[in-house]
Amino acid sequence: MGVPRLDSPDEEIKRWLNHIALICLSEEFQELKKELEQIYRQSQVENYALAAFVDALYAFVAQEEENRLSQSGIF
């Protein structure tokens, strides 16, 4: 599932948002986010909770994109 463009149909954007919500609710995402929060808090990163959330989400989306590309034979 690629990132939707700003001019994407509403249904595609809704599917993308639903997909992100499912990632964020997953146990694996929550565990990674908590681990990153702890590391960032100890490192005194400003807004450590937000940084951890963003980085965890990026990691999951990037991993899924890599898996999608490898399954399609591009990678």
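These numbers were taken from a predicted model, which means no experiment stands behind them.
The NZ atom of Lys34 lies 14.0 Å from the CZ atom of Phe53; values are rounded to the nearest 0.5 Å. Atom CD1 of Ile23 is separated from atom CD of Glu28 by 11.0 Å, given to the nearest 0.5 angstrom. Distance check: Arg15 CZ to Glu12 CD gives 6.0 Å after rounding to the nearest 0.5 Å. Atom CH2 of residue Trp16 and atom NE2 of residue His19 lie 5.5 Å apart, to the nearest 0.5 angstrom. Here the straight-line distance linking atom CG of Leu50 with atom CG of Asp55 works out to 9.0 Å at 0.5 Å rounding.
Between Leu36 and Ala56, the shortest heavy-atom contact is CD1-N, 3.8 Å. Of all heavy-atom pairs between Phe29 and Leu57, the closest is CE1-N, 3.3 Å. Summarising the geometry of Tyr48 relative to Arg41, their closest heavy-atom pair is CE1-NH1, 3.3 Å, with the distance given to 0.1 Å. Closest non-hydrogen pair, Leu32 versus Ala59, comes out as CD2-CB, 4.2 Å.
Lys33 pairs in a side-chain contact (heavy atoms from CB on, under 4.5 Å) with only one of the listed residues (Glu35, Glu37, Glu31), which is Glu37.
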side-chain contact (heavy atoms from CB on, under 4.5 Å) between Leu69 and Glu65, worked out: CA-CA 6 Å; Leu69 291 174; Glu65 184 68 11; 4.2 Å; yes

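Looking only at side-chain heavy atoms (C-beta outward), Gln71 and Arg68 stay at 4.5 Å or farther from each other.
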